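A short write-up of the structure that comes next.
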Amino acid sequence: ISRSRASCAAATKRTRTSPSTALDFDSGPDPKDVASFGASRSSILRVVADACARSGRDPHDVTLVAVSKTVDPARLRAAVAAGFGLLGENRVQEAEAKAPLVPGARWHLIGPLQSNKARRAIELFDTIEAVDSLDLARRLDRLAGEAGRAPLDVYLQVNVDRDAAKAGFLPEALEAEFAELGSMSNLRLLGLMTVGRLTESAEEARPTFARLRELSLRLRSGGAVDLGAGLSMGMTDDYPIAVEEGATVVRVGRAIFGAR
């Protein structure tokens with residue numbers, strides 16, 4: 001039986017579990033939770049399919065990441081049983097605690113990564129979506145080589161809205177540093193990622209997603225750097241618009257797990 005990278009890595013640390021916790025784990029996920037999550041998944045996939053139909057895309061080209069921050073492992077096991085096999089966490093420590101308790105899941109890091117947590121992140125996550133600086137990319141490239149994790153799958157986070165509250169490369173900085181990023185042989189650049197700004201309506205987020213798509217096309221047109229066509233963008237409030245604008249990964253949390 002195969003296990004996710006996070007499950008295997010986290011299993012190297014022993015954790016204390018109460019008898020009740022062990023009993024809940026052994027008894028399997030709550031069937032009512034599995035049914036509820038299954039209905040949510042079907043609804044989200046229908047929305048994605050409708051957005052793809054409007055934009056002439058194939059729904060199979062869109063990957064759903066279930067944003068699982070602060071959600072307890074019991075509910076995550078039910079979500080995985082319902083088909084949400086790809087989970088997105090914001091913090092390395094939280095994922096490290098959950099991973100051994102959620103077998104069968106794969107994990108993306110979608111939140112900011114501190115440089116002192118980079119080594120552990122490489123061990124835990126299948127993909128790191130928040131590579132937001134050249135210094136972090138250099139560190140991940142070196143550590144991935146040392147850990148035998150090459151190539152490490154990453155997305156480059158871009159602050160396309162130039163929002164002072166958001167992390168990420170500014171577009172012109174990314175273009176200036178793109179050649180060096182492309183030379184990092186231990187990283188596989190799957191594409192670009194952005195965190196949209198807060199808006200009054202989903203439609204107002206469209207320019208953000210369009211700018212990320214246009215930047216991706218511009219960077220890939222040069223041909224000198226092997227940048228994937230991936231676009232990780234869109235969350236619960238605006239993922240249909242993101243799909244219309246070319247998202248290949250949407251990060252949905254509240255529509256699955258409720259408000260947190």
Side-chain angles (χ1 to χ4, degrees), residues 36-71 75-76 79-80 82-90 105-112 125-132 153-161 163 165-168 190-217 228-260:
S36 177
F37 285 131
S40 296
R41 182 174 180 272
S42 295
S43 177
I44 292 167
L45 293 181
R46 281 196 298 271
V47 172
V48 168
D50 289 345
C52 286
R54 292 192 295 271
S55 52
R57 300 185 59 203
D58 185 342
H60 293 97
D61 292 337
V62 181
T63 298
L64 173 60
V65 175
V67 179
S68 53
K69 62 180 182 180
T70 76
V71 181
R75 295 188 72 210
L76 292 182
V80 170
F84 289 111
L86 183 53
L87 305 179
E89 283 288 340
N90 282 49
R106 294 179 296 122
W107 303 82
H108 280 205
L109 180 64
I110 60 174
F125 294 96
D126 296 275
T127 301
I128 296 176
E129 291 201 24
V131 178
D132 59 7
D153 288 342
V154 303
Y155 286 78
L156 303 175
Q157 183 174 346
V158 188
N159 186 354
V160 290
D161 290 324
D163 185 340
K166 297 288 194 302
L190 296 183
L192 306 181
M193 175 267 217
T194 197
V195 177
R197 57 192 174 89
L198 292 176
T199 60
E200 292 295 325
S201 69
E203 187 60 38
E204 290 178 74
R206 189 181 295 276
T208 297
F209 304 141
R211 283 194 288 270
L212 191 72
R213 172 174 46 78
E214 291 161 1
L215 176 61
S216 172
L217 290 170
L231 293 172
S232 177
M233 58 189 192
M235 296 184 285
T236 291
D237 290 333
D238 52 26
Y239 72 91
I241 302 297
V243 171
E244 290 178 6
E245 290 297 331
T248 62
V249 177
V250 292
R251 309 181 304 272
V252 179
R254 194 170 67 254
I256 301 169
F257 299 110
R260 282 162 276 174

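Note that this is a predicted model, so its numbers are computed, not measured. In what follows, residues are counted from 1 in the order of the sequence shown.
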Compile the donor-acceptor pairs under 3.5 Å between side chains in residues 191-199 and protein atoms, sequence neighbours left out, one pair per line.
| from | atom 1 | to | atom 2 | distance (Å) |
| --- | --- | --- | --- | --- |
| Thr194 | OG1 | Val158 | O | 2.7 |
| Arg197 | NH2 | Glu204 | O | 3.4 |
| Thr199 | OG1 | Ser201 | O | 2.7 |

(request) Under the side chain to side chain contact (heavy atoms under 4.5 Å, CB included) rule, what do Arg75 and Phe257 come out as? Steps first, then yes or no, please. (result) CA-CA 9 Å; Arg75 295 188 72 210; Phe257 299 110; 4.2 Å; yes
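- With hydrogens and angles ignored, the 3.5 Å screen pairs a side-chain donor or acceptor of Ser55 with a backbone N or O of Ala51.
- The side-chain contact (heavy atoms from CB on, under 4.5 Å) with Tyr155 is formed by just one residue from the set Thr127, Asp132, Ile128; it is Thr127.
- Within the 3.5 Å criterion, the main-chain N or O of Ala165 finds a donor-acceptor partner in the side chain of Asp163.
- Distance check: Asp161 CG to Thr208 OG1 gives 3.0 Å after rounding to the nearest 0.5 Å.
- Looking at Arg251, its side chain never comes within 3.5 Å of a backbone N or O of Met235 through a donor-acceptor pair.
- Within the 3.5 Å criterion, the main-chain N or O of Lys166 finds a donor-acceptor partner in the side chain of Asn159.
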Hey, can you pull the donor-acceptor pairs under 3.5 Å for the side chains in residues 61-69, sequence neighbours left out?
| from | atom 1 | to | atom 2 | distance (Å) |
| --- | --- | --- | --- | --- |
| Ser68 | OG | Gly88 | O | 3.3 |
| Ser68 | OG | Glu89 | OE2 | 2.8 |

(request) Report the C-alpha separation of Ile44 and Val252 in whole Å, then their side-chain angles, then the decisive distance to 0.1 Å, and conclude whether the side chain to side chain contact (heavy atoms under 4.5 Å, CB included) test is met. (result) CA-CA 9 Å; Ile44 292 167; Val252 179; 4.0 Å; yes
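- Here Leu87 contributes atom CG and Leu76 contributes atom CG; the two are 5.5 Å apart, rounded to the nearest 0.5 Å.
- Residues passing the salt bridge (Lys or Arg N to Asp or Glu O under 4.0 Å) test with Glu203, sequence neighbours excluded: Arg206.
- The minimum heavy-atom distance between Ala247 and Arg57, with the atom names listed, is O-NH1, 2.8 Å.
- Across all their heavy atoms, Arg54 and Pro240 have their closest contact at NH2-CB, 4.2 Å.
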(request) Applying side chain to side chain contact (heavy atoms under 4.5 Å, CB included), run through Met233 and Val243 and close with a yes or a no. (result) CA-CA 8 Å; Met233 58 189 192; Val243 171; over 6 Å; no
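- Between Ala242 and Gly234, the shortest heavy-atom distance links the atoms CB-CA, 3.6 Å.
- With hydrogens and angles disregarded, a donor-acceptor distance shorter than 3.5 Å links the side chain of Ser42 to the backbone of Gly38.
- Here the CG atom belonging to Leu156 is positioned 11.5 Å from the OG atom belonging to Ser232, to the nearest 0.5 angstrom.
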(request) Begin with the C-alpha distance, continue with both residues' side-chain angles, and end with the deciding distance and a verdict on side chain to side chain contact (heavy atoms under 4.5 Å, CB included) for Phe209 and Asp238. (result) CA-CA 10 Å; Phe209 304 141; Asp238 52 26; 3.7 Å; yes
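- Here the straight-line distance linking atom CD of Glu245 with atom CZ of Arg211 works out to 11.0 Å at 0.5 Å rounding.
- Between Leu190 atom CG and Thr248 atom OG1 the span is 8.5 Å, to the nearest 0.5 Å.
- Side-chain atoms of His108 and Phe125, non-hydrogen and from C-beta on, never get closer than 4.5 Å to each other.
- Going from atom OG of Ser216 over to atom CG of Leu231 covers 5.0 Å, rounded to the nearest 0.5 Å.
- Distance alone, capped at 3.5 Å, places no donor-acceptor pair between the Arg254 side chain and the Thr236 backbone.
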